[in-house]
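Convention: sequence-line order gives letters A, B, ...; per-chain numbering from 1.
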2 protein chains.
Amino acid sequence: MIEQSKTSTGSKVTPVATTRIQKRNIALIADAALEVFSSHGYRGSTVDQIAKQAGLSKPNLLYYFPSKEAVHDYLLSTLMVTWLDPLREIDAKGEPLDEILGYVRRKLELSRDHPSESRLFANEIVQGAPRILPLLETELKSLVDDKAALFQSWMDAGRLAKADPHHLIFSIWSLTQHYADFDVQVRAVLGCEVTDPFPAAEEYLITLFTRMLKV
Amino acid sequence: MIEQSKTSTGSKVTPVATTRIQKRNIALIADAALEVFSSHGYRGSTVDQIAKQAGLSKPNLLYYFPSKEAVHDYLLSTLMVTWLDPLREIDAKGEPLDEILGYVRRKLELSRDHPSESRLFANEIVQGAPRILPLLETELKSLVDDKAALFQSWMDAGRLAKADPHHLIFSIWSLTQHYADFDVQVRAVLGCEVTDPFPAAEEYLITLFTRMLKV
DNA sequence: CGTTGCTTTGACCTTTTGGTCAAATGCCGC
DNA sequence: GCGGCATTTGACCAAAAGGTCAAAGCAACG
């Protein structure tokens, strides 16, 4: 059995790749699991499905991860980093409106280029975030509080129209992720003639937040 | 076996209640199933769970619905009506901004008072809408196209600031449903001291759409 | 080449789960 | 109270799914 590093939370176990084969197979499994979990949810996905998608046998997959849940935990924890990064990048020294519009653009890009990640996350939250609630209440909350305070200071300085900064962040998340999570609905409503809803979405969102926040 | 009415799509079967007991039990099952499906997803829910929640035995539940899928289909089809109703209510003869703000308020109320419905729907869409895609492409699309045309005419008449009407509708859906679907995240980020995020959410959304649409 | 340790898998086990069925129970008009 | 119909359920079945294990490959190093 390959080495395992137990996280402080106890049951979660993530593999530590050392050899080339391990790195490759763990990456294969992660990619496959992302695909499968994001389109069927946790319970709706089977280890066999993930293994097949990764081109491995089920016992082989379970050689690298101790359980189905461990694969899921691994994905969620690595994803949280990527997903929160654009928010971290907001620069207190930048021009307020440009910083926020840039954030909107980056989030929308993420939704376009990595819809599976967004859907995996959505699946988890919609079902009550059983596995990541602690993370939300600590890491996410403190980061959001931080940026909300920044937005508030910009508003107080008259460099941004006033609005509840927390709900401003929620609205950015909601609007951008909608195009990943509800992709099928968006395409169904726009009709088959529209192949890519993202350009129009970007223009709409930039307009929306400009009108909302411009002093 | 009680009577069944097959819908035109074939596999879907919905019960037709005739007696008092049937009406009561079908309602019990529907309530229980909504609760269970919305918090665990389709595959994550078991017939036993739903039956227990409804206070019935599993075979008894399956006496009223031929299968787990039939229960799910029943919920989805009845929900689509409730869910689309506020959009239908938008009145072409009303004052444009008031009509849209009213729609936002009604949708947000739905999210507050019926979050389970919203989550059931979200679960279905996030996972690719396998069971209701046809409905989205026909009924939903035509209703949305209809209202989008109305918004466009208001904009052309200078009674509303210009913006893509389809994406305007998407943004209303996205923002209002976010408070139901991502409820745990919203509460986790706002912190335990905030017991009800909805009043602030309503104020924020009204401000947002007013600044967006006011001429 | 042969030993050693990493990797892979076929076969198997157990639990869960959707669904069936015959028999039992209860309800209601007569 | 009784006949007939609706309702309920305990017992059961088959398939699916998570996970184990011993044994078989296979790679790398002496």
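Summarising the geometry, the separation between OH on A:Y42 and P on D:dG18 is reported as 8 Å, rounded to the nearest angstrom. One interatomic measurement links the two molecules: CD of A:Q49 to P of D:dG19, which rounds to 15 Å at whole-angstrom precision. The CG-C1' distance, from A:N25 to C:dT8, rounds to 10 Å in whole Å. Atom pair B:E69:CD and C:dT17:C1' shows a separation of 15 Å (rounding to whole Å applied). Across the protein-nucleic acid pair, B:H40 atom NE2 and C:dT17 atom P stand 11 Å apart, rounded to whole Å. Atom C1' of nucleotide C:dT17 and atom CZ of B:F37 are separated by 13 Å, given to the nearest angstrom. Between the C1' atom of D:dG25 and the OH atom of A:Y63 lies a distance of 13 Å, rounded to the nearest Å. The distance between atom CG of A:L62 and atom P of C:dT7, rounded to the nearest whole Å, is 15 Å.
Contact annotation: A:R43 side-chain N/O to C:dT17 OP1/OP2 distance is under 4.0 Å. B:Q22 has no side-chain polar atom (N or O) that falls below the 4.0 Å cut-off from OP1 or OP2 of D:dA6.
Note that A:K68 lies in the cation-pi zone of A:Y42, set by a 6.0 Å cut-off to the ring centre and a 45° limit from the axis.
For A:Y64, counting side-chain heavy atoms from C-beta on, the closest listed nucleotide (C:dT7, C:dG18, D:dA6) is C:dT7. When each of D:dT9, C:dG19, D:dG18 is scored by its nearest atom to the side-chain atoms of A:V47, the top-ranked nucleotide is D:dG18. Set against C:dT9, D:dG18, D:dT9, the side chain of B:N60 has D:dT9 as its closest nucleotide.
Looking at heavy atoms from C-beta onward, A:D181 lies out of side-chain contact with B:I125 at the 4.5 angstrom threshold. Inter-residue side-chain proximity for B:Y74 and B:I29 is flagged as unmet; no heavy-atom pair is nearer than 4.5 Å. In this structure, B:F37 and B:V71 have side chains that are in contact, with non-hydrogen atoms separated by less than 4.5 Å.
Side-chain N or O atoms of A:E99 include one that pairs as donor or acceptor with a backbone N or O of A:D91 at under 3.5 Å. Side-chain atoms of B:S174 come within 3.5 Å of backbone N or O of A:S174 as a donor-acceptor pair.
Side-chain N/O atoms of B:K68 and base N/O atoms of C:dG19 include no donor-acceptor pair closer than 3.5 Å.
The residues B:K141 and B:D145 are annotated as salt-bridged, a charged nitrogen and a carboxylate oxygen being separated by less than 4.0 angstrom.
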Pairs under 3.5 Å (N/O, protein and nucleotides 21-25 of chain C):
none

